[in-house]
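Working notes for the structure below.
This one's a predicted model, so the numbers in the text were calculated from it and none came from an experiment.
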Amino acid sequence: MRYELVIFDNDGVLVDSEPLSNTLLAGYLTELGHPTSYEDSLRDYMGAAMHRVHDLILERTGQRLPEDFDEVFHGRVFAAFERELEVVAGVPEMLEKLSAEGVAYCVASSGSHERIRVGHRKTGLDRWFREGNVFSSQDVGRGKPAPDLFLYAAERMGVAPERCVVVEDSPLGVQAAVAAGMDVYGFTAMTPVERLVGVEGCFDDMGELPGLLA
């Protein structure tokens, strides 16, 4: 293995949550008077921390979202997760292979710790991801595309940034990984290859990943 640490994004990479969460986000913003399509939500918010939603709405409309926006939205998302969330195909087998080879890994997500825990518990990924290798944008001052979260995860895992590789599916996440000085591979199950600028390579099947990193 060319790397000492594999850092995974969570939503869309480990759990198939992007369709659920972006459908709900688009619907809630529209409900509040900010017409947003599913495609708009993917383009503007996929891979981002919640503060980006607040920032863009304020910038575009001059209006602030309700104080309970995050609470209401997360309540809807968690309920949907409990009903419908599934693991991304091939992820358990890929993690088994990395574990068998002794490769260190962690998750660094724009989502909250609660969101990560709910999704991992529902999909069984809590078997591989526990407190010591789970990092959230809540842990740092700035979320993606700033490099802070990836640098924080590397520091906590005790690995130099140049020895880390990131697996991402969003342009914002790729920007963050590149800014952190890390190699990054793009998972293209939902994102067109041309939007993931700066990656070492792309793949759309989790079974391919261990071979790419070898």
Side-chain angles (χ1 to χ4, degrees), residues 1-19 46-47 85-111 116 119-120 123-137 139-140 143-214:
M1 181 69 66
R2 288 180 288 145
Y3 304 97
E4 294 178 21
L5 175 66
V6 184
I7 303 177
F8 292 99
D9 176 44
N10 187 56
D11 293 292
V13 171
L14 298 175
V15 295
D16 191 19
S17 53
E18 294 291 9
M46 181 175 168
L85 187 65
E86 296 183 358
V87 68
V88 168
V91 163
E93 295 81 2
M94 177 269 294
L95 291 173
E96 286 278 15
K97 183 160 185 153
L98 291 183
S99 297
E101 294 178 358
V103 179
Y105 56 84
C106 66
V107 62
S109 172
S110 291
I116 298 167
H120 285 190
T123 58
L125 290 182
D126 52 354
R127 172 183 170 187
W128 287 280
F129 295 97
R130 303 180 184 276
E131 186 175 344
N133 66 344
V134 174
F135 308 104
S136 160
S137 61
D139 300 326
V140 295
K144 306 169 189 178
D148 304 36
L149 176 56
F150 289 138
L151 292 172
Y152 176 78
E155 179 183 11
R156 289 291 303 273
M157 296 294 291
V159 179
E162 62 270 19
R163 299 299 303 154
C164 299
V165 62
V166 175
V167 181
E168 265 287 355
D169 71 331
S170 75
L172 293 175
V174 171
Q175 290 175 43
V178 171
M182 300 175 182
D183 286 352
V184 54
Y185 281 83
F187 183 53
T188 57
M190 283 191 60
T191 309
V193 173
E194 57 270 18
R195 293 196 65 208
L196 300 179
V197 178
V199 297
E200 298 295 310
C202 288
F203 66 105
D204 61 7
D205 180 342
M206 277 295 165
E208 301 174 30
L209 183 61
L212 289 173
L213 305 183

Verify side chain to side chain donor-acceptor pair (under 3.5 Å) between N133 and Y105, making sure each step is shown before the conclusion.
CA-CA 7 Å; N133 66 344; Y105 56 84; 5.1 Å; no
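- Taking both residues in full, the closest heavy atoms of N10 and H120 are given as OD1-NE2, 2.7 Å, listed atom of the first, atom of the second, then distance.
- Here the OH atom belonging to Y152 is positioned 9.5 Å from the OG atom belonging to S136, to the nearest 0.5 angstrom.
- Summarising the geometry, atom CG belonging to D11 is positioned 10.5 Å from atom CE belonging to M190; distances are rounded to the nearest 0.5 Å.
- A heavy-atom distance below 4.5 Å is found between the side chains of E208 and D205.
- At a threshold of 4.5 Å between non-hydrogen side-chain atoms, the residues K144 and L149 count as touching.
- Between V87 and P92, the closest heavy-atom pair is CG2-CD, 4.0 Å.
- Counting heavy atoms of neighbouring residues, nucleotides and ligands inside a 6.0 Å radius, atom CD of E101 exceeds 12 of them.
- Considering CG of L213 and CG of D183, their distance stands at 9.5 Å, rounded to 0.5 Å.
- Residues P210 and M1 form no side-chain contact, since every pair of their non-hydrogen atoms from C-beta on lies 4.5 Å or further apart.
- Pairing each heavy atom of V159 with each of R163, the nearest pair is CG1-CB, 3.7 Å.
- Residue C164 forms a side chain to side chain contact (heavy atoms under 4.5 Å, CB included) with just one option from L151, V6, L5, and that option is L5.
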In sequence, state the C-alpha distance, the side-chain angles, and the governing distance for R127 and E96, and then conclude on side-chain contact (heavy atoms from CB on, under 4.5 Å).
CA-CA 11 Å; R127 172 183 170 187; E96 286 278 15; 2.8 Å; yes
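- Residues V107 and L14 have side chains in contact (heavy-atom distance under 4.5 Å, counting atoms from C-beta outward).
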Between V178 and V184, is the side-chain contact (heavy atoms from CB on, under 4.5 Å) condition met? List the steps.
CA-CA 7 Å; V178 171; V184 54; 4.1 Å; yes
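- Side-chain atoms of D169 and T191 include no donor-acceptor pair closer than 3.5 Å.
- Between E200 and R2 there is no salt bridge, since no side-chain nitrogen of the basic residue lies less than 4.0 Å from a carboxylate oxygen of the acidic one.
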Would you check, one step at a time, whether the test side chain to side chain donor-acceptor pair (under 3.5 Å) holds for D204 with T188?
CA-CA 5 Å; D204 61 7; T188 57; 4.8 Å; no
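- Between E93 atom CD and L98 atom CG the span is 12.0 Å, to the nearest 0.5 Å.
- Salt bridge R156/D139: absent, no basic N to carboxylate O contact under 4.0 Å.
- Taking both residues in full, the closest heavy atoms of G132 and M157 are given as O-SD, 3.7 Å, listed atom of the first, atom of the second, then distance.
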Tell me, with the steps shown, if F187 and V88 meet side-chain contact (heavy atoms from CB on, under 4.5 Å).
CA-CA 11 Å; F187 183 53; V88 168; 3.9 Å; yes
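- For E194, the CD atom counts as densely surrounded, since its 6.0 Å shell holds more than 12 non-hydrogen atoms of other residues, nucleotides or ligands.
- Annotation: side chain of Y185 is not in contact with side chain of V166 (no heavy-atom distance under 4.5 Å).
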Using the side-chain contact (heavy atoms from CB on, under 4.5 Å) rule, take V15 and L125 through it: C-alpha gap first, then chi angles, then the decisive distance, then the call.
CA-CA 9 Å; V15 295; L125 290 182; 3.8 Å; yes
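- Considering all non-hydrogen atoms of both residues, W128 and S99 come closest at CD1-OG, 3.8 Å.
- In this structure, E162 and M182 have side chains that are not in contact, with every pair of non-hydrogen atoms separated by 4.5 Å or more.
- In this structure, V13 and M206 have side chains that are in contact, with non-hydrogen atoms separated by less than 4.5 Å.
- Minimum interatomic distance between F129 and C106 (heavy atoms only, all atoms of both residues): CE2-C, 3.7 Å.
- Taken from CZ in F8 to OG in S109, the straight-line distance is 13.5 Å, to the nearest 0.5 Å.
- Here the straight-line distance linking atom CG of D16 with atom CD of E86 works out to 7.0 Å at 0.5 Å rounding.
- Between V167 and F203, some side-chain heavy-atom pair lies under the 4.5 Å cut-off.
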